[in-house]
Number of protein chains: 2
Amino acid sequence: MSTIAKAMELLDFFSLDRPEIGLSDFHRLARRDKATTFRHLSALESAGLLEQNPATRAYRIGPAVLRLAHMREVTLPRRAGLRVALPRLAEATGETAHASLLDASGLTTLAHHEAPQHSARVVLHESRLPLHATASGIAALAFGDEDLMKRARAAMPAFTDTTARSPEDLQAAVARARASGVAISNQTFETGVTGFAAPLFDSTGVAGAVAVAAVSSRVTPELQTTILTELIKAARTISANWGGTIPPALAAAWADAAAPETAP
Amino acid sequence: MSTIAKAMELLDFFSLDRPEIGLSDFHRLARRDKATTFRHLSALESAGLLEQNPATRAYRIGPAVLRLAHMREVTLPRRAGLRVALPRLAEATGETAHASLLDASGLTTLAHHEAPQHSARVVLHESRLPLHATASGIAALAFGDEDLMKRARAAMPAFTDTTARSPEDLQAAVARARASGVAISNQTFETGVTGFAAPLFDSTGVAGAVAVAAVSSRVTPELQTTILTELIKAARTISANWGGTIPPALAAAWADAAAPETAP
DNA sequence: ATGTATTGGTTCATTATTCAAACCATTGGT
DNA sequence: ACCAATGGTTTGAATAATGAACCAATACAT
């Protein structure tokens, strides 16, 4: 493992629950030498990727990250590509719609939109989505490479009693998603929430997923049909906006899924 | 210079004008060995900080940056702290207001707001602001540490014929800003634009600057007074939102600046 | 077509960094 | 005063980074 990779790995320990991390915590979390950890943190800090809270001396994400993110969003818009499709998806289905982005360490929620129709809507609070336990994760895995699958298998905590717990269960769910072009997860991440997701593509391949999180008790066969139809429509639009191409196998699966609706 | 610092330095070569950079270009820009450069780029890529354009093989900012930026903005809001103050500043002065953030490599525009009153308003197009040639830069330098000043002196290109060209000129401008609490730059970056700026603070110290970019021909003594009063008001609000404390010397300078207005 | 320059990417002795286990100074709690 | 944390520094043995040359593929001119 390269020095740079080790330093970059430190960034992955941050989360919304743990936005500041001290030297000793890093040393334990990364299971790496304290002196080295300190040097890495210092290097990242002087580059502006990290900064130290002067009160606690703990490290947190630095301002340089905002500069880089701004640049990426201007030259390669992602949020802009969701602006129309996501609200429309929420509106058409009456449920919460969200889109997430795939990077080296998993899925992160990029944007979400709640439908105004129902009072009991699903509120998203977690910004990192586990690959093995969410519809979005399964959808991404179904069209991602083997490396992504390896990462998913590496950590498979159970969130509910229907969360896939064995690699075989996961493989089966992924195979279903690959065949149908969409992933459906019944309360695998949170009880009372059924997730529907489709993969998103940019010019590099799988780039994320778009999903509908519905209140399970409200999901009828009719609603499910609506959701899947609208989901595929949204996925097509967003992938087009992101400059991605839909793999032929997926295009075929989506055509089949839409057929029952459009057939005379 | 550490390996990590070298790798991080590569990120600084990106800009809005140059959002994608190939291996050979990096090798020349960074004046570093090609093999080393390649390894650094590969490491950054596998961490998600960079990604390769599959068509050109050139590197660009990767998706992990968005994840990190999102986390920082949620736990340590910066844009949110501007939401009220910046439009109010633009409204009250009738000119374009913008705020910029300081990081290891300079100032970056974070947000800007245009006043609707005039048709001939100043449109900002550059997101990186040179420290030596903008009011924002001078304001930041006036209350930043010696290290920041060193960086400013390192590169001082002339943008107009009133741009400070010698370190002495720069030092004089900074001294004026330190004494008055605001920086005024008359067409030092772009002809026809006069800049007014005040420093912004967060808990770590100087964190950026808030500025008004006015059409030079429109600047009367009355407008200038209005701008300075409103600018100081906005700077106080934003720094408070960012959890910063105004250094006593600056607080005194601002009190003096406001005095001519409030005196009976 | 052939030579030439340029691209992204790879190999292998030399050189610099990282490792581990100490240590120091400060802080907060008992 | 003590103990257990914290952030930060130092030491020779292990491990990784480095740079010059090298390779294969593409682009471009003669």
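Side chains are part of it too, since the values below use all heavy atoms of this structure and drop only hydrogens, waters and symmetry mates. Naming convention: chains lettered A, B, ... in sequence-line order (proteins, then strands); numbering from 1 in each chain. Please read all numbers here as calculations on a predicted model, not as lab measurements.
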Is there a donor and acceptor pair, one atom on the side chain of B:Lys34 and one on the base of D:dG19, closer than 3.5 Å?
no

Establish, with yes or no, whether the OP1 or OP2 oxygen of C:dT6 is under 4.0 angstrom from a side-chain nitrogen or oxygen of B:Ser24.
no

Is any side-chain heavy atom of B:His40 closer than 4.5 Å to a side-chain heavy atom of B:Phe26?
no

A:Phe26 has an atom CZ; how far is it from atom P of D:dA5, in whole Å?
20 Å

Candidate nucleotides D:dT9, C:dT10, D:dT6, ranked by approach to the side chain of B:Phe38 - the nearest:
C:dT10

Minimum-distance nucleotide to A:Asp33 side chain [options: D:dA20, D:dT18, C:dA21]:
C:dA21

Does A:Arg151 come within less than 4.0 Å of A:Asp145, counting only side-chain N to carboxylate O?
no

Pairwise side-chain contact, A:Tyr59 with A:Leu44, heavy-atom cut-off 4.5 Å (strictly under):
no

Presence of A:Thr36 side-chain N/O under 4.0 Å of C:dC19 phosphate oxygens OP1/OP2:
yes

Reckon B:Arg57 has a side-chain N or O less than 4.0 Å from the OP1 or OP2 of C:dT7?
no

Could you tell me if the side chain of A:Pro157 sits less than 4.5 Å from the side chain of A:His132, heavy atoms only?
yes

side-chain N/O B:His40 vs D:dA17 OP1/OP2, d < 4.0 Å
no

Could you check how far CZ of B:Arg39 sits from P of C:dT11, rounded to whole Å?
11 Å

Rounded distance in Å - CZ (A:Arg32) to C1' (D:dA16):
14 Å

Between C:dT10, C:dC19, D:dT18, which nucleotide gets closest to the side-chain atoms of B:Lys6?
D:dT18

A:Arg60 and A:Glu51 ion-paired at < 4.0 Å:
yes

Under 4.0 angstrom, heavy atoms only, what part of the nucleic acid is A:Ser2 near: base, sugar-phosphate, or nothing?
sugar-phosphate

Just N and O in the side chain of A:Tyr59: are any of them under 4.0 Å from OP1 or OP2 of D:dG8?
yes

Is the phosphate of D:dG8, meaning OP1 or OP2, less than 4.0 Å from a side-chain N or O of A:Gln52?
yes

Should A:Thr3 be listed as having a side-chain N or O under 4.0 Å from OP1 or OP2 of C:dT17?
no

Across the strands shown, which category fits B:His27 at heavy-atom distances under 4.0 angstrom: base, sugar-phosphate, nothing?
nothing

Any idea which of C:dT7, C:dT18, D:dG8 is nearest the B:Arg28 side chain?
C:dT7

